[in-house]
Amino acid sequence: AGAPVTVTVTGAAGQIGYALLFRIASGHLLGPDVPVRLRLLEVPQAVKAAEGTAMELDDCAFPLLTGIDIHDDATAAFDGVNVALLVGARPRGAGMERGDLLSANGGIFGPQGAAINAGAAQDVRVLVVGNPANTNAWIAAQHAPDVPKDRFTAMTRLDHNRAVAQLAARTGAGVEDIARLTIWGNHSATQYPDLSHATVRGTPALEVVDDEAWVRDTFIPTVAKRGAAIIEARGASSAASAANAALDHVRTWVTGTPADDWTSAGVVSDGSYGVPEGLISSFPVIARDGELSIVPDLEIDDFSRARIDASVAELVEERDAVRALGLV
Ligand code: NAI
């Protein structure tokens with residue numbers, strides 16, 4: 001085994017943190033041969049709970065886990081970080097306006113971006129899970145001028161995985177038979193889960209499904225509103241599935257997408273597909289040699305065009321609101 005990889009997890013005492021840390025420490029983030037050093041960042045009032053989680057991590061005696069540090073200070077937490085998982089965020093409270101939500105999160109992700117800029121390792125990779133994930137990732141990136149913008153990503157892998165599972169269930173295929181599915185836009189109810197390039201055992205998914213109404217009226221809303229359905233059923237928001245998606249996102253980034261397939265991730269736009277340059281929007285993404293790139297030259301039909309534009313318009317509004325609030 002080589003030198004340990006430093007993984008910083010924010011919101012470590014939260015429910016996603018609890019579902020995530022044990023799997024990171026058991027090798028599900030970077031593989032069974034890579035030792036990890038964990039840095040947990042929490043707000044001061046949750047540090048004690050994070051210490052309790054660290055005690056349990058110790059009690060697992062994970063061979064790959066070489067150390068755990070707990071911080072309530074971002075600068076220390078991101079010192080030397082290779083993989084930064086930004087999970088902790090300010091949730092939308094009852095009656096909270098969007099401006100308040102963006103301000104509260106700007107106050108978290110701005111300083112965290114600056115701390116990453118100050119102390120991260122050269123190869124740092126950042127995944128923002130905390131909502132509004134795309135805009136939080138954008139804010140963090142704006143505060144990290146020395147870190148290449150393509151190192152800042154936002155999580156839409158949970159939406160991607162949900163869409164794969166829904167299509168597999170509908171077609172009776174295995175999840176491993178599904179390829180080239182895409183989540184476009186914002187990680188929000190406006191996201192566009194796109195089957196127009198997807199395949200089921202190599203056959204176009206839309207041919208296999210052969211039911212436009214199902215795609216429009218069942219598949220898309222089921223995927224886009226799945227988070228709310230989980231809350232309704234479980235009495236708490238998605239946690240284990242979100243943690244699983246975060247592991248998938250980073251592992252895919254590092255180890256690559258399979259030939260003839262891609263994944264979905266919120267990445268900085270290069271202007272492709274009419275998405276304004278610089279926005280962090282979900283795209284079909286290929287990972288190769290540790291780098292992410294947007295799948296080029298896909299044909300976008302009118303239905304897809306309208307759905308992508310609607311979600312991207314929301315991202316533009318969020319970005320403009322953040323600028324108007326002076327958060328970047
Ligand atoms: P939670 O409320 O259980 O935990 C959040 C934790 O973050 C708390 O322990 C809190 O103390 C901590 N925190 C708050 N501000 C912090 C700061 N400045 N620095 C460090 N820690 C801080 O929430 P849960 O369920 O773990 O979800 C976390 C976030 O992930 C939420 O924003 C949620 O909306 C988002 N999420 C995103 C998904 C996605 O697909 N992108 C899927 C599911 C959840």
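Quick caveat, the model's predicted, so the values are computed rather than measured. Note that ligands are numbered from 1 as they come in the structure, with each ligand's atoms numbered from 1 the same way.
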query: Nearest to atom 5 (C) of ligand 1, what protein heavy atom do you find, and at what distance?
result: G14 CA, 4.1 Å
field: Test item: side-chain donor near acceptor, S269 and E277, under 3.5 Å
entry: no
message: As an exercise, identify every atom of ligand 1 less than 4.0 angstrom from a heavy atom of A242.
response: 42 (C), 43 (C)
message: Taking the basic N atoms (NZ, or NE/NH1/NH2) and the acidic carboxylate oxygens, is any pair closer than 4.0 Å for D69 and R37?
response: yes
query: Which atoms of ligand 1 are found less than 4.0 Å from any heavy atom of L41?
result: 20 (C), 21 (N)
query: Angle class for the Y192/F303 ring planes (parallel below 30°, perpendicular above 60°, tilted otherwise)?
result: perpendicular
task: For Q112 and ligand 1, answer yes if some heavy atom of the residue is under 4.0 Å from a ligand atom, otherwise no.
output: yes
Sub-4.0 Å heavy-atom contact, S237 with ligand 1: yes
field: Residue A89 vicinity, atoms of ligand 1 by number, heavy atom under 4.0 Å
entry: 14 (C), 32 (O)
message: Check contact between A13 and ligand 1, using heavy atoms of the residue and a distance below 4.0 angstrom.
response: yes
statement: Closest to atom 33 (C) of ligand 1 by heavy-atom distance, out of N131, D73, L86, is N131
query: Is R305 salt-bridged to D301, cutoff N-O under 4.0 Å?
result: no
query: Relative to ligand 1, is H187 under 4.0 angstrom through side chain, backbone, both or neither, heavy atoms considered?
result: side chain
Contact atoms of ligand 1, heavy-atom distance to G11 under 4.0 Å: 6 (C), 7 (O), 12 (C), 20 (C), 21 (N)
- request: List every atom of ligand 1 that sits less than 4.0 Å from any heavy atom of V87, numbering the atoms from 1 in the order shown and giving each element.
  value: 28 (C), 29 (C), 30 (O)
statement: Taking only non-hydrogen atoms of L158 and a 4.0 Å limit, the atoms of ligand 1 in range are 40 (O), 42 (C)
query: Between D159 and R226, is there a salt bridge with N-O shorter than 4.0 Å?
result: no
task: Flag this pair as yes if the NZ/CZ of R125 is under 6.0 angstrom from the six-membered ring centre of W253 and inside a 45 degree cone about the axis; otherwise no.
output: yes
query: If you measure every N/O of E42 against every N/O of ligand 1, is any gap under 3.5 Å?
result: yes
query: Just to confirm, does any protein heavy atom lie below 4.0 Å from atom 2 (O) of ligand 1?
result: no
- request: Quick one: closest heavy-atom pair of S264 and L181, and the distance?
  value: OG-O, 3.8 Å
- prompt: Are W262 and T182 close enough that a side-chain donor and a side-chain acceptor fall under 3.5 Å?
  reply: yes
query: Does the N or O separation between Q15 and ligand 1 drop below 3.5 Å for any pair?
result: yes
query: Does I16, backbone or side chain, put an N or O under 3.5 Å from an N or O of ligand 1?
result: yes
Check: Q191 main-chain N/O paired with N186 side-chain donor or acceptor under 3.5 Å: no
- prompt: Between the side chains of R319 and T135, does any donor sit under 3.5 Å from an acceptor?
  reply: no
message: Under a 4.0 Å threshold between the charged nitrogen and the carboxylate oxygen, would E318 count as salt-bridged to R98?
response: no
- prompt: For atom 17 (C) of ligand 1, what is the nearest protein heavy atom, given as residue, atom name and distance?
  reply: V43 CG1, 3.7 Å
- line: Scanning both residues in full, the closest heavy-atom pair of I183 with S282 reads O-OG, 2.6 Å
message: Taking 4.0 angstrom as the limit and counting only heavy atoms of I108, give me the atoms of ligand 1 inside it, by number and element.
response: 15 (N), 18 (N)
- prompt: Any idea which protein heavy atom is nearest atom 37 (C) of ligand 1, and the distance to it?
  reply: V129 O, 3.0 Å
message: Would S238 count as being in polar contact with ligand 1, using the rule that some N or O on each side must be under 3.5 angstrom apart?
response: no
